[in-house]
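Structure record follows, encoded as structure tokens.
Every heavy atom of this structure was used, including side-chain atoms; hydrogens, water molecules and symmetry mates were not.
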Amino acid sequence: MHGEYKVPGGKLVVVDFAVDGGRISDFHLAGDFFLEPDSALDDINAAIEGLPETADVATIAAAVRAALPEGAQLLGLTPESVGTAVRRALVTAPGWKDFEWEIVRDPAVSPNMNLALDEVLTTRVGEGRRKPTLRIWEWDESAVVIGSFQSYRNEVDPEGAARHGFQVVRRISGGGAMMMAAGQIITYSLYVPAKMVAGMTFADSYAYLDDWVLQALRSLGIDATYQPLNDIASPTGKIGGAAQKRLANGGVLHHATMSYDIDGQMMTEVLRIGREKLSDKGTTSAAKRVDPLRSQTGLSRDDVIQAFIGTFRQLTGAVDGTIAADEYADAERLVETKFATDAWLHRVP
């Protein structure tokens with residue numbers, strides 16, 4: 001069996017092994033990582049030899065960690081990444097270039113239509129009726145998008161939102177509120193089949209599906225890093241965050257929002273940002289929590305988006321696509337029956 005896993009921000013981890021009597025045998029680790037001392041490679045191989053084929057990532061990582069000699073240095077890989085590579089081999093998980101990808105950047109639609117399209121396109125990918133897709137959002141009015149499980153009254157100041165012209169909507173994924181001011185945000189969605197993240201923990205899948213955008217940001221001169229569970233950051237501040245939703249039919253939605261520009265004062269007037277959340281992020285100022293892309297790149301929003309698309313196309317071979325008329329029609333029905341209803345918006349008061 002053969003498995004590969006590219007560590008986000010790190011190196012490629014490759015594993016080859018057999019399964020004999022339900023246990024891993026003839027295990028060999030390889031890759032372009034750095035490891036000291038040399039003998040640690042043999043220690044890792046020995047640690048995994050004989051583990052049950054049902055061992056999960058945590059179990060494999062614990063065995064590797066326990067086997068490492070004192071003072072061992074792992075650069076570009078982690079014990080967890082070895083476990084992920086093993087699990088991906090056991091489920092024969094595909095990589096980015098094993099799919100035919102489309103990139104969609106259609107004309108602007110309403111915030112609720114963007115949310116409905118996320119559900120529709122994820123469903124289509126899960127059913128095998130659409131190729132895996134990267135979609136760049138465009139919207140025709142400012143909005144606050146709250147997470148599926150957030151309390152409306154705890155997250156949003158309705159008077160502040162109305163005063164600044166923000167519609168309040170709720171998405172199907174979890175996570176925190178996104179303040180999407182017109183022209184100030186870059187948002188994208190990935191619609192992928194579940195087999196693409198097979199063998200990964202939920203947390204690992206976030207890092208894996210965000211890795212391409214980290215590469216894009218670095219190509220623009222930003223020292224971007226992934227901060228578990230779902231933040232994209234640079235040395236000068238948070239850039240954005242991601243969220244996921246997994247459908248029962250095998251479709252996975254992974255979407256992220258990054259600040260191109262931001263009015264920190266307005267954010268504090270629209271969102272009820274609690275002191276506990278701010279202290280957890282190590283700052284007392286909401287305006288300092290997010291560092292916009294414009295200040296770091298000096299580029300227009302469109303230029304940043306084009307850089308993102310270029311990186312994604314290079315890594316995946318994606319071609320341009322569009323949303324079909326029947327997909328728009330399905331989304332419009334979802335807006336009417338779900339996303340635009342008070343029952344959905346206030347499902348958590």
Exercise for the section: Would you check if there is a donor-acceptor pair between the side chains of Ser148 and Ser173 at a distance under 3.5 Å? Expected result: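 There is no such pair between these side chains.
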
Exercise for the section: Examine distances only and state if a side-chain atom of Arg87 and a backbone atom of Thr201 form a donor-acceptor pair shorter than 3.5 Å. Expected result: no

How long is the span from the [atom1] atom in [X] to the [atom2] atom in [Y], to the nearest 0.5 Å?
X	Y	atom1	atom2	value
Ser25	Glu49	OG	CD	6.0 Å
Phe339	Leu115	CZ	CG	5.5 Å
Met258	Asp210	CE	CG	8.0 Å
Leu253	Arg246	CG	CZ	11.0 Å

Practice task
Give a yes or no on whether a salt bridge exists between Asp118 and Lys245, defined as a side-chain N under 4.0 angstrom from a carboxylate O.
Solution key: no

Problem - Asp320/Arg313 salt bridge by N-O under 4.0 Å criterion - result: yes

Handout entry: Any Arg88 side-chain heavy atom under 4.5 Å of Glu4 side chain
Key = no

Practice task
Apply the test side-chain hydrogen bond (donor to acceptor under 3.5 Å, both in side chains) to residues Asp204 and Tyr5: give CA-CA distance (whole Å), side-chain angles for both, the deciding distance (0.1 Å), then the verdict.
Solution key: CA-CA 11 Å; Asp204 282 344; Tyr5 177 61; 4.6 Å; no

Problem - Test salt bridge (Lys or Arg N to Asp or Glu O under 4.0 Å) applied to Arg129 - qualifying residues, sequence neighbours left out - result: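 Here the qualifying residues are Glu127.
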
Fill in the blank from the handout: Contacts of Asp342 meeting salt bridge (Lys or Arg N to Asp or Glu O under 4.0 Å) (sequence neighbours excluded), chain-then-number -> none

Practice task
Going by the ring pair (Phe, Tyr, Trp, His ring centres under 6.0 Å) test, name the single residue among Tyr191, Tyr206, Trp212 that passes it with His254.
Solution key: Tyr206

